Amino acid sequence: YGTYVLRSSRDLSCFAGYSLALGTVIFDALGLSSDLIGLKWPNDILGRDGRKLAGILLESQSNSSGTSVFAGIGINLVESPNGWESVSLQELSGESFSFLDMATVLSSRIITSFREFEEGGFYSYREQWLSRALFRGQCFDIQLGTQVVSGLFESVDESGSLLLRTQEGLRVVSSGHIVRIYAAGS
């Protein structure tokens, strides 16, 4: 697990969707085929069998001088934590990676992506993210505070919000916890 501290003179609102963009950057840095891994909205990288390989946690802080984004990235490099449905990079690739090796690969890519994101937002990452997305066309139950919303995962918008087709129509979900994934019609 490592945390990157990224600073910008831009307002916090400019960084909506950065966890998804960062997911595409990490996906590419891992060097694995999309036959093996995919992205789960909003902040996970999973093996195609659904086991978790990596996760992203963003925290932020704004003041009069700008915004600090704290990007916490956890990748199972050599082994998977006991008791979790997870997979390691070594298990998927057959190669061994040290924390230092991965940090070296990720650092410049993360800094570059942050600067690009400052200028263009999620829009420039949207198609990349969608091409790597898992569960598109499947149904989600999403915890939104005390409410659970159900619907079909259609897409993500230009800010990285989930576009969920519910019985009431299209719903834009900017944050939430997916509690269940199931086939349409189940």
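Numbering of residues begins at 1 and proceeds along the displayed sequence. Bear in mind that the values here come from a model prediction, so they are computed numbers and not experimental data. Computed from heavy atoms alone, side chains included, the values below leave out hydrogens, waters and symmetry copies.
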### Message
Among residues at least two apart in sequence or on other chains, which ones pass ring pair (Phe, Tyr, Trp, His ring centres under 6.0 Å) with Phe114?
### Response
Phe15, Tyr18
### Task
Before giving the answer on side chain to side chain contact (heavy atoms under 4.5 Å, CB included), spell out for Phe70 and Leu58 the whole-Å C-alpha distance, their side-chain angles and the decisive distance to 0.1 Å.
CA-CA 6 Å; Phe70 304 89; Leu58 294 185; over 6 Å; no
## Note on the structure
Nearest heavy-atom contact between Gly23 and Leu39 is O-CD2, 3.6 Å
### Message
Are Phe140 and Phe153, when compared by the centres of their aromatic rings, separated by less than 6.0 Å?
### Response
yes
### Task
Mark yes or no for whether Asn76, through its side chain, and Val87, through its backbone, hold a donor-acceptor pair below 3.5 Å.
yes
### Task
State plainly whether one hydrophobic cluster holds both Leu170 and Leu152, where clusters connect Ile, Leu, Val, Met, Phe, Trp and Tyr through side-chain heavy atoms under 4.5 angstrom apart.
no
### Query
Rounded to the nearest 0.5 Å, how far does CD1 of Ile111 lie from CD of Glu116?
12.5 Å
#### Entry: Step-by-step salt bridge (Lys or Arg N to Asp or Glu O under 4.0 Å) determination, Glu91 to Arg51
CA-CA 12 Å; Glu91 184 180 341; Arg51 294 183 296 161; 3.0 Å; yes
### Summary
Here the pair of heavy atoms bringing Val156 nearest to Leu162 is CG1-CA, 4.2 Å
### Task
Identify whether NZ of Lys or CZ of Arg in Arg180 sits under 6.0 Å from the centre of the six-membered ring of Tyr182 and within 45° of that ring's axis.
yes
### Query
Please walk me through it: do Val69 and Glu59 pass side chain to side chain contact (heavy atoms under 4.5 Å, CB included)?
CA-CA 6 Å; Val69 175; Glu59 297 286 334; over 6 Å; no
### Query
Should Leu134 and Leu130 be regarded as members of a common hydrophobic cluster, given that ILVMFWY residues are connected when their side-chain heavy atoms come within less than 4.5 Å of each other, either directly or indirectly?
yes
### Task
Compare every heavy atom of Ala184 with every heavy atom of Gly137, then report the nearest pair and how far apart it is.
O-CB, 4.3 Å
### Query
Can you find a side-chain donor-acceptor pair between Ser155 and Arg126 that sits under 3.5 Å?
yes
### Message
For Tyr123, give me all partners under side-chain contact (heavy atoms from CB on, under 4.5 Å), at least two apart in sequence or on another chain.
### Response
Glu158
### Query
Is Ile181 linked to Leu163 within one hydrophobic cluster, defined over Ile, Leu, Val, Met, Phe, Trp and Tyr using a side-chain heavy-atom separation of less than 4.5 Å?
no
### Query
Side-chain donor-acceptor pair under 3.5 Å between Thr67 and Ser62, yes or no?
yes
### Query
To the nearest 0.5 Å, what is the distance between CG (Asp49) and CG (Leu92)?
7.5 Å
### Summary
Heavy-atom closest pair (Arg7 atom, Glu118 atom, distance to 0.1 Å) is O-OE2, 4.4 Å
### Query
Are a donor atom and an acceptor atom from the side chains of Asp101 and Thr104 found within less than 3.5 Å of each other?
no
### Message
If we count only N and O atoms by modelled type, under 3.5 Å, do the side chains of Ser88 and Glu79 hold a donor and an acceptor together?
### Response
no
### Task
Please examine the side chains of Ile56 and Asp44, heavy atoms only from C-beta on, and report whether any two atoms are closer than 4.5 Å.
no
### Message
Can you confirm whether the side chains of Ser150 and Asp141 place a donor and an acceptor under 3.5 Å from each other?
### Response
yes
### Query
What are the two closest heavy atoms between Gly160 and Phe122, and how far apart are they?
N-CD2, 3.3 Å
